Structures are given as structure tokens and as C-alpha cells.
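Here is the structure we will look at, set down as C-alpha cells.
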Amino acid sequence: MYVRCSLQTQVLSSGPSDLEFLLISVNNVNLRYCIGLFYRPPSSTSIIFDNLQSVLEQLDPSFFTNFVLIGDFNVNFLNTQYFLYRQLSSILCSFNLTQVVSQPTHVAANGGASLIDLVLLSNPQQLHECSVIPELPHSDHNGISVTMNWKTARDNGTKSSRPIWRYALADFPRARELLEDTNWDSILSGDVDQAWSLWHQKFLDIMEQCIPKGSLPKRKCPPWISKRMVSAIRKRNACYRRAKRTGSPMLLSRYKHLRNKVVGMVKRGKSDYLDTLKSASCKEFWKAVKNLNGRQCSIPPLNHSGKTANSDREKANMLNNYFS
């Protein structure tokens with residue numbers, strides 16, 4: 001992996017010894033991106049994807065503004081019946097990753113074309129262009145060119161971080177002293193609403209003196225991810241960490257149960273969301289497209305009869321293809 005010297009980068013992980021995997025973070029103002037390279041040898045078994053999933057669960061791709069994983073997976077995405085395709089698709093669904101390469105990238109000696117070089121994104125709305133370019137000399141793989149719209153917080157007009165309390169660095173003995181030294185009788189007298197407001201403000205003032213604050217990047221979830229799904233994902237990740245730390249077979253079995261539950265919830269949520277958009281009116285449909293795609297939607301061309309060239313059904317299919 002080659003990175004421009006002017007960028008702030010840090011190596012996050014190189015994966016276990018049996019996994020050809022490299023991750024770096026790229027910081028841009030208040031935004032944080034993660035770029036990963038992955039290679040799966042053609043002779044390897046499905047265990048390599050289990051190891052990849054374990055690394056991703058420890059990393060948590062949703063923590064980053066955008067998570068990008070590029071590499072030669074040696075899984076033909078044009079053959080949806082292949083069992084490794086189903087396993088990899090399940091991993092993508094678990095971490096809300098989208099595969100954006102649409103053309104074959106490899107031609108075998110017998111002339112068969114396959115799509116085995118993939119680009120996975122956690123935030124496909126930032127994708128500007130993804131194209132397959134001619135193969136390099138002495139290689140039977142085509143190259144892939146990816147252009148991203150990575151805007152700073154000032155450019156997109158939104159806050160990119162959320163404040164947090166750093167309880168691990170808190171001075172709780174001092175906080176107890178300040179609470180004991182406060183004259184609460186003068187604060188809690190009079191109107192109950194005014195007393196509550198004064199108590200709340202005084203308590204927060206003391207906590208801010210004793211507990212340092214920090215910030216974390218805002219997590220952007222797809223519109224079909226509900227609070228219930230986020231809670232289930234957190235439980236799955238916590239169970240994985242405990243199982244990894246203790247090596248308990250019972251915790252490992254519970255983790256697999258929670259993992260399968262999360263995959264099912266995300267699939268159903270995405271399917272229900274797409275069904276809702278397909279049945280929406282034309283105005284609501286294009287409003288959703290504009291919001292999810294992050295770009296202005298152009299007016300569709302008119303044919304000679306004065307009607308739009310695309311029907312509502314065709315528009316729904318376009319949106320479905322966009323998500324897939």
C-alpha cells in the first residue's frame with residue numbers, strides 16, 4: 001500500500017499471521033477513514049473469512065466516517081450460487097458494507113470472465129466513480145479506479161463528532177467533596193420546577209469540573225438500521241469480546257447465535273425499507289434517492305408523447321440496483 005506523504009496515516013492492524021490483511025487509518029480534519037487491503041489465496045478454505053470477520057468485529061467499521069476494503073477475494077461475485085459467495089455476502093450484510101465493482105476484473109485462460117477483485121464501502125454515498133481499467137503488464141487482473149467524495153466537516157455543513165464523558169479519567173473523590181460542600185437548601189427551596197432546573201445545572205457544573213470530556217466520530221447508519229438493531233449489534237460485539245477473552249465454548253455458541261440473529265434482522269430491515277420505497281409516490285421516491293445518494297437528481301428525459309421515459313416500476317428497480 002502506497003500513501004501520499006502529506007496525509008496523516010496510522011497502521012491499525014495487519015491481521016493474524018495466516019491472514020494477508022492490512023488496515024490503515026487516514027485522518028482528515030475531524031473525519032477518520034479506514035483503508036484496508038485483503039488477499040484470499042485460491043486454495044484457502046472458508047475459515048479465512050471467519051478470521052476476516054473476527055478482525056472486522058474487533059475493528060467495528062461503523063466507527064469510521066467511511067470504511068474501504070479493497071482486494072482480490074477470489075470469490076466470483078457473478079456466481080451467486082457459490083457457497084463462498086453466500087458466506088462473504090453474509091459478512092457484508094453484518095457490517096453494512098456495499099460491493100461497488102460491477103464489471104468483470106479477471107479473464108481466465110479459457111476465456112471465462114469473473115468478478116473477484118472487490119471494493120467494499122461502509123458509506124457508498126461518498127462514492128463518485130468506480131471503473132475497471134486495463135490490466136497491468138504480466139498480470140491477468142484488470143485494475144480498479146475508485147474516486148471518493150471525502151468532504152470535511154466544514155464542507156458538508158454537519159458535525160462529524162459527538163461529545164462523550166471520559167469516566168475512566170474522572171476524579172470522583174473531588175466530585176463527592178464538591179457535592180457535600182454545596183448548600184442544597186438554598187437550591188431546593190421554592191418552586192419545584194425551578195429547584196429541579198437549579199439542581200440539574202449545579203450537578204452538571206460539578207461533573208464538568210471532575211470528568212474530562214472527549215469526542216468520537218458520528219456513526220452514520222443506513223436508514224433501515226433501527227435502534228433495536230444497533231442494540232443487537234452491540235450485544236453481539238460484547239459477547240464476541242468476552243468469548244475471545246475467556247475462550248468459553250458457551251459464550252462462543254451464544255456469539256454465533258447473536259451473529260445469525262443480527263444478520264437476519266439487517267436483511268429483513270433492508271428488504272422492508274426497499275418495499276416501502278417501491279410502493280411510495282414518485283415525489284417521495286426521488287426525495288429518498290436524493291437523500292441517500294447525496295447528489296442533486298436530474299429531471300428524467302421526456303419522450304415524444306410528453307411522458308417521462310421511466311415508469312415508477314423502473315425507478316424502483318433503479319433504486320434497488322443502487323442498494324445492491
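Small disclaimer: the values here were computed from a predicted structure and weren't measured. Position 1 is the first residue of the sequence, and the numbers go up from there.
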Check your understanding: Hey, what's the ring geometry for Phe64 with Phe67, parallel, tilted or perpendicular (30° and 60° as the breaks)?
Key -> tilted
Exercise for review: May I ask you to test the Leu204-Lys202 pair for a side-chain heavy-atom distance under 4.5 Å?
Suggested key: no
Practice item. For His106 and Asn142, run side chain to side chain donor-acceptor pair (under 3.5 Å): C-alpha distance rounded to whole Å, both residues' side-chain angles, the deciding distance at 0.1 Å, then the answer. Key: CA-CA 6 Å; His106 177 263; Asn142 290 93; over 6 Å; no
Exercise for review: Run the numbers on Ile35 and Met1 for side-chain contact (heavy atoms from CB on, under 4.5 Å), then give the verdict.
Suggested key: CA-CA 10 Å; Ile35 313 295; Met1 182 183 292; 4.2 Å; yes
Practice item. Dump the intermediate steps for side chain to side chain donor-acceptor pair (under 3.5 Å) on Asn66 and Gln126, then the final yes or no. Key: CA-CA 8 Å; Asn66 204 342; Gln126 290 187 333; 3.0 Å; yes
Review point. Is Arg259 positioned over the aromatic face of Phe95, cation under 6.0 angstrom from the ring centre and no more than 45 degrees off axis?
Key: no
Practice item. Mind running side-chain contact (heavy atoms from CB on, under 4.5 Å) on Lys213 and Arg166 for me, showing each step along the way? Key: CA-CA 6 Å; Lys213 283 188 174 182; Arg166 304 182 66 181; 5.9 Å; no
Check your understanding: side chain to side chain contact (heavy atoms under 4.5 Å, CB included) with Leu84: which of Ile48, Thr45, Val75?
Key -> Val75
Exercise for review: Kindly give the heavy-atom pair with the smallest separation between Met229 and Gly269, and that separation in Å.
Suggested key: CE-CA, 3.6 Å
Exercise for review: Report yes or no: do Val11 and Leu37 belong to one cluster of Ile/Leu/Val/Met/Phe/Trp/Tyr joined by side chain heavy-atom distances under 4.5 Å?
Suggested key: yes
Point to revise | Side-chain donor or acceptor of Arg40 paired with backbone N/O of Asp72 under 3.5 Å | key: no
Exercise for review: Please report the shortest heavy-atom distance between Ser44 and Pro41, naming the atom on each side.
Suggested key: OG-O, 2.7 Å
Check your understanding: Any side-chain heavy atom of Val26 within less than 4.5 Å of one from Gln8?
Key -> no
**Study point:** Criterion side-chain hydrogen bond (donor to acceptor under 3.5 Å, both in side chains) against Tyr240, the qualifying member of Gln53, Glu57, Lys256, Gln58
**Key:** Gln58
Exercise for review: Calculate, to the nearest 0.5 Å, the distance between atoms CG and SG belonging to Leu69 and Cys34 respectively.
Suggested key: 8.5 Å
**Study point:** Aromatic plane relationship, Phe38 with Phe21 - under 30° parallel, 30 to 60° tilted, over 60° perpendicular
**Key:** perpendicular
Practice item. Using the rule that two of Ile, Leu, Val, Met, Phe, Trp, Tyr join whenever any of their side-chain heavy atoms come within less than 4.5 Å, decide whether Phe83 and Leu78 are in one cluster. Key: yes
Review point. Is the closest side-chain heavy-atom distance between Glu129 and Met148 below 4.5 Å?
Key: no
Practice item. Check the side chains of Asp117 and Thr105 for a donor-acceptor pair under 3.5 angstrom, ignoring hydrogens and angles. Key: yes
Check your understanding: Heavy-atom distance under 4.5 Å between the side chains of Ser253 and Met250, does that happen here?
Key -> no
Point to revise | OG-CD distance between Ser90 and Gln87, expressed to the nearest 0.5 angstrom | key: 8.0 Å
Practice item. List the steps, then state whether side chain to side chain donor-acceptor pair (under 3.5 Å) holds for Gln209 with Asp205. Key: CA-CA 6 Å; Gln209 295 179 47; Asp205 290 342; over 6 Å; no
Review point. Going only through I, L, V, M, F, W and Y residues with side-chain contacts under 4.5 Å, is there a path from Leu120 to Tyr39?
Key: no
Exercise for review: If the plane angle is over 60° it's perpendicular, under 30° parallel, otherwise tilted; pick one for Tyr273 and Trp224.
Suggested key: tilted
Review point. Side chain of Ser139, backbone of Glu135: donor and acceptor closer than 3.5 Å?
Key: no
Practice item. Measure across Leu251 and Cys239 and return the closest heavy-atom pair with its distance rounded to 0.1 Å. Key: O-SG, 3.5 Å
Check your understanding: Has Ile133 got more than 12 heavy atoms of other residues, nucleotides or ligands less than 6.0 Å from its CD1?
Key -> yes
**Study point:** Derivation of the side-chain contact (heavy atoms from CB on, under 4.5 Å) call for Ile144 and Ser131
**Key:** CA-CA 6 Å; Ile144 300 175; Ser131 58; over 6 Å; no
Point to revise | Sub-4.5 Å side-chain heavy-atom contact between Ile116 and His141 | key: yes
Exercise for review: Identify the heavy atoms of Gln194 and Asp191 that sit nearest to each other, and give their distance.
Suggested key: N-OD2, 3.1 Å
Point to revise | Hydrophobic cluster membership, Val192 vs Leu198, 4.5 Å side-chain cutoff | key: no
Point to revise | Test log, rule side-chain contact (heavy atoms from CB on, under 4.5 Å), inputs Ile24 and Leu12 | key: CA-CA 5 Å; Ile24 68 167; Leu12 297 179; 5.8 Å; no
**Study point:** Side-chain touch Leu56/Ile91, heavy atoms, less than 4.5 angstrom
**Key:** yes
Review point. What distance do Leu97 atom CG and Ser94 atom OG have between them, rounded to the nearest 0.5 Å?
Key: 9.0 Å
Review point. How long is the gap from CG on Leu118 to CG on Leu88, to the nearest 0.5 Å?
Key: 6.5 Å
Point to revise | Closest contact, heavy atoms only, Glu208 versus Trp165 | key: CG-CH2, 3.6 Å
Check your understanding: Under a 4.5 Å side-chain heavy-atom rule over Ile, Leu, Val, Met, Phe, Trp and Tyr, are Val263 and Leu252 clustered together?
Key -> no
Check your understanding: For the residue pair Trp196 and Trp199, does the interplanar ring angle fall in the parallel (under 30°), tilted (30 to 60°) or perpendicular (over 60°) class?
Key -> parallel
**Study point:** Pairwise distance OG1(Thr246) to CZ(Arg241) - rounded to 0.5 angstrom
**Key:** 13.0 Å
For residues 178-187, please give each side-chain donor-acceptor pair under 3.5 Å, one per line with the distance, not counting sequence neighbours.
unit_1	atom_1	unit_2	atom_2	d
Thr182	OG1	Leu178	O	2.6
Asn183	OD1	Asp185	N	3.4
Trp184	NE1	Leu179	O	2.8
Ser186	OG	Asn183	O	3.0

Point to revise | Interatomic spacing from CZ in Phe73 to CG in Leu115 - rounded to 0.5 Å | key: 11.0 Å
